[in-house]
Amino acid sequence: MVLRQSFLIILAFFGMVLCGLIYLNTNQNSCKPQIIEKVITKKNWKLKNFGLRSPVGLVYNQPSALVSRTDVASVTPWLAPIVWEGTFDSRVIDSIYKQQNITIATTVFALGKYTRFLKDFLESAEEHYFVGFRVHFYLFTDQPEEVPNVKLGQERYLTVKTLPSMNRWQDISMSRMEILEKLIENELASEADYIFCLDVDTKFYGRWGVESLGRLVGVIHPWFFNVPRFLFTYEHRPKSQAYIPAGKGDFYYTGAAFGGSLKDVHNLTKTCREQMNIDTANSIEALWHEESHLNKYFLYNKPSKLLSPEYLWRDISMSSGSVKIIRFSHVAKNNAEVRPNL
Ligand code: 48C
């Protein structure tokens, strides 16, 4: 009797093991296509990893491990460079990136009366913005007929995309995140290596070059680079997805210029769009719209490179001690006159 029982127990055990193996095998097989499919469909927005190859024949001054600018910080606590004039050698960095066949996509939005800024933006970009490198401008506007005819140099491209007009300037500004997210998803995967998203009521006055390239790039806001963070205009209402608690925050980044690799900027724009949708559903709009969400994102997803306010100044007429060169600046405008009235 005992012998019979033990035989049955052993039989049942091996039966379960066999079933388990069959189950695993079939499920594993059914899992496998999903895993493989995920890998195949996952877009390959990898940054081309060229490294920092430097040409043999390049002649330049000896760099110093001891001497640098003492009036500004050139690295963050998480060891991201902060780019200021005098912290890089443009010849060295150009020679490094010249060897890489890169394309920088650049988006700019000009709806309503903001089309008036396009001529200066594009003409000054031709003079100062990634000069000598391949740049593809993507210009979004509700009035394609108002796009000025600006002569672009070699390897410089402009694609105009038409958008419906919007009544609130806040909506125009915020809608950029979703449009950028979809542009990267649908068009840029094979077209570009880096992307920068810039305000159009701006003008270039000095070099903006490959020293600005990086995985995830934030620009320090010109009004807040030299003040304590309790003065930063973060969103401090916990109800908003852009909420940053009092006493928290690294820098105040501008929403008028940001960029990086396609993969990172896609994640940034997607996250900001999702957060803004949640706020809308909760009937709240962050204090400074997508800029508030950008600052929340950069607090928890630290930029790998920061650009000093040289890269987005407040107004060309006002300079400041540590800002030795103004490369790109908002232009003076009458907001009431130029923005759509509600
Ligand atoms: O294209 C427009 N039209 C508008 O009426 C308002 C904003 N915009 C776009 O959004 C421009 O590209 C602006 O640069 C950007 C939002 N930024 C500003 O309005 C100010 N620089 C704060």
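All residue numbers in this chain count up from 1 along the given sequence. Whatever order the structure lists them in is the order used to number ligands and atoms, beginning at 1.
- In terms of protein heavy-atom proximity, atom 8 (N) of ligand 1 is closest to Ile172 CG2, 3.5 Å.
- Considering only non-hydrogen protein atoms, atom 5 (O) of ligand 1 sits nearest to Pro340 CD, 3.2 Å.
- A distance-only check finds no donor-acceptor pair linking the side chain of Glu127 to the backbone of Phe204 [under 3.5 Å].
- Counted by atom type alone, Tyr253 and Glu291 present zero donor-acceptor pairs between their side chains at under 3.5 Å.
- Taking the six-membered ring for Trp and the full ring otherwise, the centers of Tyr234 and Trp288 sit at least 6.0 Å from each other.
- The nearest protein atom to atom 16 (C) of ligand 1, hydrogens excluded, is given as Ser173 OG, 3.4 Å; this is a heavy-atom distance.
- Among protein heavy atoms, the minimum distance from atom 22 (C) of ligand 1 is reached at Arg339 NH2, 3.2 Å.
- Summary of contacts: the protein heavy atom closest to atom 19 (O) of ligand 1 is Tyr114 OH, 3.1 Å.
- Of the candidates Asp201, Val331, Thr254, Asp201 brings a heavy atom nearest to atom 14 (O) of ligand 1.
- Among protein heavy atoms, atom 3 (N) of ligand 1 sits closest to Leu111 O, 2.9 Å.
- No donor-acceptor contact under 3.5 angstrom links the side chains of Trp169 and Ser173, judged on distance only.
- Residue Val200 touches ligand 1 through backbone and side chain together, judged by heavy-atom distances below 4.0 Å.
- Remark: the His289 side chain and the Gln170 side chain contain no N/O donor-acceptor pair separated by less than 3.5 Å.
- Each of Val200, Leu158, Thr162 was compared with Leu139 under the side-chain contact (heavy atoms from CB on, under 4.5 Å) criterion, and only Leu158 meets it.
- For ligand 1, the atoms lying closer than 4.0 Å to a non-hydrogen atom of His330 are 21 (N).
- For atom 17 (N) of ligand 1, the closest non-hydrogen atom of the protein is Asp199 OD2, 3.0 Å.
- Of the heavy atoms in Arg176, only side-chain atoms (C-beta onward) come closer than 4.0 Å to ligand 1.
- Close contacts of ligand 1 with Ala110, meaning ligand atoms under 4.0 Å from a residue heavy atom, involve 1 (O).
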- Message: Assess the residue pair Asp71 and Ser322 against the criterion (side chain to side chain donor-acceptor pair (under 3.5 Å)); give the C-alpha distance rounded to whole Å, side-chain angles, the decisive distance to 0.1 Å, and a yes or no.
- Response: CA-CA 7 Å; Asp71 61 324; Ser322 37; 5.5 Å; no
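- For His330, there are no ring pair (Phe, Tyr, Trp, His ring centres under 6.0 Å) partners at least two apart in sequence or on another chain.
- What sits closest to atom 11 (C) of ligand 1 on the protein, heavy atoms only, is Phe109 O, 3.3 Å.
- A donor atom on one side chain and an acceptor atom on the other are found under 3.5 Å apart for Tyr129 and Thr106.
- For ligand 1, the atoms closer than 4.0 angstrom to any heavy atom of Trp169 are 6 (C).
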